Amino acid sequence: MRTDTLFKEKTVFSYEIFPPRRTAPVDTIYHTLDRLKGQQPDFISVTLGAGGTGANLSTADIAQKIQDEQFLPSVAHLPAVNFSKDEIKVILEELKQKKVENILALRGDILPDKEPKKDFSYANDLVAFIQEQGDFNIIGACYPETHSDAANSVEDIRNLKRKVDSGVNQLISQLFFDNNYFYTFKEKCDIAAIEVPIQAGIMPVVNKRQIERMIKMSNVTLPTKFLKMMERYEHNPEAIRDAGIAYAINQIVDLVSQGTEGIHLYTMNNPYVAQKIREATRSLFET
């Protein structure tokens with residue numbers, strides 16, 4: 001099932017999971033999926049892991065397992081800089097065989113110790129190529145606080161418009177902790193006539209290590225109230241977990257009440273956290 005059709009019927013709520021690192025057994029992700037059963041998000045996306053690393057050869061298998069065992073649409077991530085055109089063709093053929101119709105097409109992170117492939121410089125190049133290879137629903141990423149490589153927000157919105165015009169049918173945002181950034185971003189998208197559904201990406205922060213990693217990897221603002229919350233509870237693992245869950249729930253309630261088209265929850269493969277947020281917000285997505 002194509003995930004872009006879901007927005008015609010409801011406010012969409014989805015999960016993101018990631019395969020284990022190459023040094024870990026792939027069964028660990030299946031254990032996570034088993035614990036997510038019964039939570040019934042509208043779809044589950046499978047990333048390649050932060051920085052474009054991870055057990056990428058199993059991503060299609062995991063996506064197929066989600067569809068076969070949880071009866072949910074799945075989304076496979078494809079980072080442009082990690083693959084050549086020939087490699088993308090092989091992956092797309094595998095996804096077709098496994099009946100995975102949805103692809104999140106990304107540029108991917110350019111890492112200092114890994115030479116990027118040269119066939120796709122930008123996500124819109126990959127989007128256009130996928131369009132030529134088959135009837136996939138193509139999803140794109142967007143950045144409420146502006147992509148770190150963009151000169152300014154105007155350039156970033158122009159690039160996003162180019163990506164959507166290349167064939168993107170829906171967007172998922174990078175995580176953020178101040179909803180006002182998302183609302184301002186949405187206004188800019190409306191002005192630019194970017195008319196595809198946009199899901200807000202929400203990550204519940206449940207430990208200090210996550211914060212340090214986000215500061216290193218992402219161009220994300222941490223509001224004062226968020227920092228005070230983390231500072232107060234950083235030495236109490238249970239309290240910081242519960243505070244992070246509560247913060248994410250408050251974000252979601254506000255976003256949905258303001259008419260946001262969907263929420264994409266970065267689960268960090270933590271079924272407990274996903275379940276608590278799902279239980280607290282489920283009724284918001286049923287009206």
Side-chain angles (χ1 to χ4, degrees), residues 1-16 42-48 52 59-60 63 73-83 85 88-89 91-92 95-96 100-110 119-150 153-176 181-182 184-202 260-266:
M1 179 180 181
R2 292 171 58 107
T3 58
D4 59 330
T5 63
L6 297 169
F7 296 91
K8 299 174 183 178
E9 303 173 359
K10 64 193 300 288
T11 304
V12 172
F13 184 79
S14 58
Y15 286 167
E16 180 169 302
D42 293 301
F43 67 84
I44 298 177
S45 74
V46 185
T47 184
L48 295 183
T59 300
S74 62
V75 175
H77 293 214
L78 280 184
V81 297
N82 286 14
F83 301 105
K85 287 184 177 180
I88 289 292
K89 284 182 179 179
I91 293 170
L92 294 179
L95 292 173
K96 287 178 188 176
V100 178
E101 300 179 85
N102 306 289
I103 296 173
L104 178 57
L106 307 161
R107 187 199 69 175
D109 296 317
I110 298 176
D119 287 355
F120 306 104
S121 298
Y122 303 102
N124 61 289
D125 299 327
L126 177 60
V127 170
F129 185 76
I130 294 171
Q131 281 275 69
E132 297 172 358
Q133 304 303 313
D135 186 23
F136 290 98
N137 173 46
I138 306 175
I139 304 165
C142 58
Y143 301 83
E145 298 185 59
T146 303
H147 194 287
S148 57
D149 290 344
S153 63
V154 173
E155 179 184 272
D156 193 37
I157 291 294
R158 285 175 179 164
N159 291 338
L160 181 61
K161 173 66 172 171
R162 189 177 299 115
K163 182 161 59 176
V164 170
D165 289 346
S166 296
V168 164
N169 299 311
Q170 68 185 88
L171 293 166
I172 296 174
S173 89
Q174 186 188 48
L175 61 98
F176 55 91
Y181 284 109
F182 184 80
T184 301
F185 168 74
K186 279 279 291 175
E187 290 174 358
K188 293 176 182 177
C189 288
D190 291 342
I191 293 170
I194 296 172
E195 298 175 346
V196 298
I198 303 176
Q199 282 182 272
I202 298 297
T260 299
E261 293 153 303
I263 302 295
H264 189 64
L265 188 70
Y266 297 106

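Just so it is clear, the model here is predicted, and its values are computed rather than measured.
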| query | Going from CD1 on Ile130 to CG on Asn137, what distance comes out if it is rounded to the nearest 0.5 angstrom? | reply | 10.5 Å

| query | Side chains of Asn159 and Tyr122: does their closest heavy-atom pair fall under 4.5 Å? | reply | no

| query | So, the side chain of Asp119 versus the backbone of Lys85: is there a donor-acceptor pair under 3.5 Å, distance only? | reply | yes

| Is the shortest heavy-atom distance from the side chain of Val168 to the side chain of Leu160 under 4.5 Å? | no

| task | Applying side chain to side chain donor-acceptor pair (under 3.5 Å), name anything that partners Asp156, two or more places apart in sequence or on another chain. | result | none

| said: For a quick check under 3.5 Å, do Ser173 and His264 share a side-chain donor-acceptor pair by atom type? | reply: no

| field | Point-to-point distance, once rounded to the nearest 0.5 Å, from CG of Leu106 to CZ of Phe120 | value | 13.0 Å

| message | If you compare all heavy atoms of Lys163 against all heavy atoms of Ala123, which two are closest, and at what distance to 0.1 Å? | response | CD-CB, 3.7 Å

| task | Kindly determine whether Gln133 and Ile88 satisfy side-chain contact (heavy atoms from CB on, under 4.5 Å), including the steps that lead there. | result | CA-CA 10 Å; Gln133 304 303 313; Ile88 289 292; 5.8 Å; no

| task | With rounding to the nearest 0.5 Å, note down the distance linking CZ in Phe136 to NZ in Lys96. | result | 5.5 Å

| request: Specify the closest pair of heavy atoms between Asn169 and Val196, including all atoms of both residues, with the distance to one decimal. | output: O-CB, 3.4 Å

| query | Yes or no on side-chain contact (heavy atoms from CB on, under 4.5 Å) for Val12 and Phe43, after CA distance, side-chain angles and deciding distance? | reply | CA-CA 9 Å; Val12 172; Phe43 67 84; 3.9 Å; yes

| query | How about Cys189 and Ile157: do any of their side-chain heavy atoms sit closer than 4.5 Å? | reply | yes

| task | Specify the closest pair of heavy atoms between Gln199 and Ser14, including all atoms of both residues, with the distance to one decimal. | result | NE2-OG, 2.9 Å

| message | Is any side-chain heavy atom of Leu126 closer than 4.5 Å to one of Phe83? | response | no

| Pair listing, salt bridge (Lys or Arg N to Asp or Glu O under 4.0 Å) test, anchored in residues 124-139, at least two apart | Arg2-Asp135

| request: Classify the ring geometry between Tyr143 and His147 as parallel (under 30°), tilted (30 to 60°) or perpendicular (over 60°). | output: perpendicular

| Can you tell me how far OG1 of Thr3 sits from CG of Asn102, rounded to the nearest 0.5 angstrom? | 4.0 Å

| query | Does Lys188 have any side chain to side chain donor-acceptor pair (under 3.5 Å) partners at least two apart in sequence or in another chain, and if so, which? | reply | Ser153

| query | Do Phe182 and Phe176 make the cut of ring centroids closer than 6.0 angstrom? | reply | yes

| message | Set out, in order, the CA-CA distance, both residues' side-chain angles and the distance that settles side-chain contact (heavy atoms from CB on, under 4.5 Å) for Leu104 and Ser45, then state yes or no. | response | CA-CA 8 Å; Leu104 178 57; Ser45 74; 5.6 Å; no

| message | Taking CZ in Phe7 as the centre, count heavy atoms belonging to other residues, nucleotides or ligands within less than 6.0 Å. Is the count above 12? | response | yes

| message | To check you understand the geometry: which heavy-atom pair defines the closest contact between Ala200 and Thr260, and what is its length? | response | CB-CG2, 4.1 Å

| request: Measure the CG-CD1 distance between Asp190 and Ile198 for me, rounded to the nearest 0.5 Å. | output: 7.5 Å

| Which distance, rounded to the nearest 0.5 Å, do you find between the CZ of Phe13 and the CG of Asp42? | 9.0 Å

| said: Looking at Asn124 and Val164, would you say the former's side chain and the latter's main chain have a donor-acceptor pair under 3.5 Å? | reply: no

| message | Tell me every residue that passes side chain to side chain donor-acceptor pair (under 3.5 Å) with Glu145, counting only those two or more places apart in sequence or in another chain. | response | Thr221

| field | Partners meeting salt bridge (charged side-chain N to carboxylate O under 4.0 Å, His left out) with Glu261 (sequence neighbours left out) | value | Lys186

| request: For Leu92 and Leu78, work out which heavy atoms get closest and say how close. | output: CD2-CD1, 4.0 Å

| request: Mind running side-chain contact (heavy atoms from CB on, under 4.5 Å) on Thr59 and His77 for me, showing each step along the way? | output: CA-CA 8 Å; Thr59 300; His77 293 214; 5.8 Å; no

| request: Not counting sequence neighbours, which residues clear salt bridge (charged side-chain N to carboxylate O under 4.0 Å, His left out) with Asp165? List them please. | output: Lys161

| message | To check you understand the geometry: which heavy-atom pair defines the closest contact between Leu95 and Ala60, and what is its length? | response | CD2-CB, 3.8 Å

